[in-house]
Amino acid sequence: MLLEKNRDRAGREYFLEIILSFLLLAAVGAVFLYEPAMYDAGSYYMPWHGSRMMECLVLGFGVLLGMQIRKQLPDFYGRISGGRKKKITLYPMYLFLSLAGGYALYQPDCFSKYYNLYHSDAYFHSIYRVLQLQPYTEANTGVYGFYGLIAAPFVKLLGGDFKACAVFLALLASVSILCLFYVLENLVETMWLRLAGGVLIVNLYVALTSHIYYQLIPHRIVFVAFVLAYCVWMHKNDRLQAKWQIAGFVLLVLSVIWNMETGIACLTAYVGSCVVRSLQNGSVFSKETIKKILLAVLMIPAVPAAAFFSVGLYDLCVSGSFITGKAFLYPFVGTSYVGKLNIALETKPAAWMLVCLLFFVMVSIVLISTSLCGRSGKTSKKELYLTACVIAAAVQMVYYINRAVYGNLYIVLPVCSILLAYLGDSLLHKNIWKNHFIGNGALRAVCTTSCVLLGLLALQTIIAYFPAEKERSENRDMEELTAFIESVREGVPEDTPAIGIGISELYSFLGWDSGYYGSDIPDLVSATEEGQAYAKEFVLNSESILINESNLGDIVGDDEEFYLDYELVAQYSYGESVYSLYSRK
């Protein structure tokens, strides 16, 4: 009788699992097929959409992968080969992947393609400005933060030019990837899920970066990786003493200086993990818990204030005035920059919906571990790691929500890779619902789907790597660029005032001072009024000036003074850019 009852329950579980698996995988398939319809989703991003045959092969592989994973779930009690019993070190793989991710970013010839030059200039100009020891003002601000203060000393040590910047960012990316692997190792136990998760973490670096776009990669990833690794290390080893909190505070201040958006994500992730730990160890109404929560929350105003003071102190050290609040909060205050970026979310099946669903599941897991759901008195460390990860990714996703461009969602991919691997691993090793057929059937379906998605995306990483690497290799040949630099050196007087896209990079190679320290030219349209006026006055007040010809109209506008007072002396071209040397008549 009991055997018959168990068979009946197992049959109902299996039937429910099949139905839910089909529905979940159909939802994933719909997102996959609608992917090319998303805003700015070119074939560059998705080689697997090159043909219907390729799409069918990828989906077919997904089905086969699902069947194989299902074989690993015979009774849902965690008896899985390659799981907890077999310990195979993946450290060599982690090192290899981190180096591959860093090398993918090493592209020192930004001039060969206009896309590369446009975005590298928007990023490097802020570093070049600090290399010239210039203070920050309302006319002299960068869209992506005060990262120049952190990057410039290292770039200077490595040579001070754009190539040195490329080396620095490559090294920084490699270290940050290792930090993400550290988080993965502490959250995921199953070896093959660690392997797939590790490959997917570097997807953003090795599979989707055939061009230079430092503003996204590694700019918005590095400090998130550093802070998440620090949170895991701190909670894992119970390093909660004042000296370790101070170390965490300093790291958070650096993250805000680096980039305000990233800093907020890091700050809330760190504070959130501390708050959840307090809620795990005591009742929300106890004085001790309230005291710990308040101390953690006090970091939210203290960290930005310390960052503001640090930038102001730099200004004073380079003979400038203490930075204003408007300049510190640029471009979020005093400009229409954020509004101009706005692009509505897709309403068709889209990856952001899956990401939100993943966040919802993770938040539920975290809340269940706290006194808010009746549990207290025990620190559940994996939930603390999860808290930091999901908060960091959710805050960073706000950028995509405001500007729903296909590539921007990849900001959260490294952290979501870890969350997805954790979800599959957690369900592989838990029999949460005991003998409840609905619960077990549903969780098995979720487990299979999350593992299939992780494996499929890891496979796509490998497929996309080689075409992307072929394009990247073209940006590492410095021979033509060196010849162009020498032609400018021979024809243009040293330290001639210069402005335009690519000038910061060119002058860094020359070792010259351009004299222009205002907003980067690619973002000039969104600069403050002071910044736009500064750029125009810089041109009109120069006796001679080297300028990127394509930017002349954007800077001087319809002002006839320039066209009447200046004459063309020489031109230098490389790639798609023409640099014109003008002299006052």
Side-chain angles (χ1 to χ4, degrees), residues 44-45 93-128 131 144 147-148 150-181 198-199 201-223 225-226 258 407 410-411 413-414 461-462 464-485 502 504-509 574-575:
Y44 155 69
Y45 290 111
M93 185 204 74
Y94 292 151
L95 180 60
F96 170 77
L97 289 176
S98 67
L99 292 174
Y103 184 65
L105 294 181
Y106 176 68
Q107 301 178 59
D109 181 3
C110 59
F111 287 86
S112 58
K113 298 175 184 176
Y114 184 72
Y115 181 96
N116 288 352
L117 186 61
Y118 183 92
H119 290 291
S120 64
D121 190 79
Y123 192 80
F124 181 69
H125 183 68
S126 291
I127 298 174
Y128 179 78
L131 287 170
Y144 306 106
Y147 57 94
I150 299 172
F154 296 98
V155 172
K156 184 69 174 177
L157 286 172
L158 293 169
D161 56 19
F162 183 77
K163 183 178 180 179
C165 178
V167 171
F168 167 70
L169 291 174
L171 292 173
L172 195 66
S174 291
V175 174
S176 67
I177 292 170
L178 287 174
C179 288
L180 291 171
F181 289 153
V199 172
I201 283 173
V202 299
N203 177 287
L204 181 62
Y205 301 83
V206 305
L208 294 163
T209 55
S210 66
H211 297 296
I212 297 173
Y213 193 27
Y214 292 140
Q215 297 90 316
L216 176 65
I217 316 160
H219 188 64
R220 286 185 163 90
I221 310 298
V222 288
F223 268 94
F226 294 157
W258 181 262
Y410 281 93
I411 295 170
L413 178 60
T461 303
I462 298 170
Y465 172 76
F466 295 100
E469 181 58 27
K470 184 179 179 181
E471 289 190 41
R472 286 191 292 262
S473 64
E474 298 174 2
N475 302 325
R476 298 187 182 118
D477 186 355
M478 297 290 287
E479 187 175 345
E480 289 186 43
L481 177 57
T482 301
F484 166 66
I485 293 169
S504 297
E505 293 83 344
L506 175 60
Y507 270 48
S508 75
F509 283 120
Y574 179 62

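None of the values given here were measured: they were computed from a predicted structure.
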> Any chance the rings of Tyr118 and Tyr115 have centres within less than 6.0 Å?
no
> Would you give the length of the straight line joining atom CG of Asp109 to atom CG of Leu481, rounded to the nearest 0.5 angstrom?
4.5 Å
> Kindly give the heavy-atom pair with the smallest separation between Asn116 and His211, and that separation in Å.
OD1-CB, 3.2 Å
> Out of curiosity, Leu169 CG to Phe154 CZ, how far, rounded to the nearest 0.5 Å?
11.5 Å
> At what distance, to the nearest 0.5 angstrom, does CE of Met478 lie from OG of Ser112?
10.5 Å
> Ignoring hydrogens, what is the shortest heavy-atom contact between Gly198 and Met93? Give both atom names and the distance.
CA-CE, 4.4 Å
> Please report the interatomic distance OG(Ser508) to CG(Leu131), rounded to the nearest 0.5 Å.
8.0 Å
> So, taking the atom named CG in Leu178 and the one named CZ in Phe226, what distance separates them when rounded to the nearest 0.5 Å?
9.5 Å
> Distance to the ring centre below 6.0 angstrom and angle to the axis at most 45 degrees; does that hold for Arg472 and Tyr103?
no
> For the pair Ser174 (side chain) and Ser98 (backbone), establish whether a donor and an acceptor sit closer than 3.5 Å, ignoring hydrogens and angles.
yes
> Could you report the tightest heavy-atom contact between Leu506 and Phe111, atom names first, then the distance?
N-CZ, 3.7 Å
> Looking only at heavy atoms, what is the nearest atom pair of Ala104 and Arg476, with distance?
CA-NH2, 3.6 Å
> Shortest non-hydrogen contact from Ile212 to Ser120?
CG2-CB, 4.0 Å
> Passes side-chain contact (heavy atoms from CB on, under 4.5 Å), Tyr574 versus Ile485? Steps please.
CA-CA 9 Å; Tyr574 179 62; Ile485 293 169; over 6 Å; no
> Would Val206 and Glu469 count as a side-chain contact (heavy atoms from CB on, under 4.5 Å) here? Give the steps.
CA-CA 7 Å; Val206 305; Glu469 181 58 27; over 6 Å; no
> Would you check if Tyr205 and Leu97 make a side-chain contact, meaning some heavy-atom pair closer than 4.5 Å?
no
> Among residues at least two apart in sequence or on other chains, which ones pass salt bridge (charged side-chain N to carboxylate O under 4.0 Å, His left out) with Glu474?
Lys113
> Among Tyr144, Tyr213, Tyr214, Tyr123, exactly one meets side-chain hydrogen bond (donor to acceptor under 3.5 Å, both in side chains) together with His219. Which residue is that?
Tyr123
> With Ile177, which of Val222, Ile221, Val202 fulfils side-chain contact (heavy atoms from CB on, under 4.5 Å)?
Val202
> Identify the heavy atoms of Ala164 and Gly160 that sit nearest to each other, and give their distance.
CB-N, 3.7 Å
> Angle between ring planes, Phe124 versus Tyr128, binned at 30° and 60°: parallel, tilted or perpendicular?
tilted
> Would you call the rings of Phe509 and Phe162 parallel, tilted or perpendicular, where under 30° means parallel and over 60° means perpendicular?
perpendicular
> As an exercise, state the distance from CG of Leu172 to CZ of Phe223, rounded to the nearest 0.5 Å.
7.0 Å
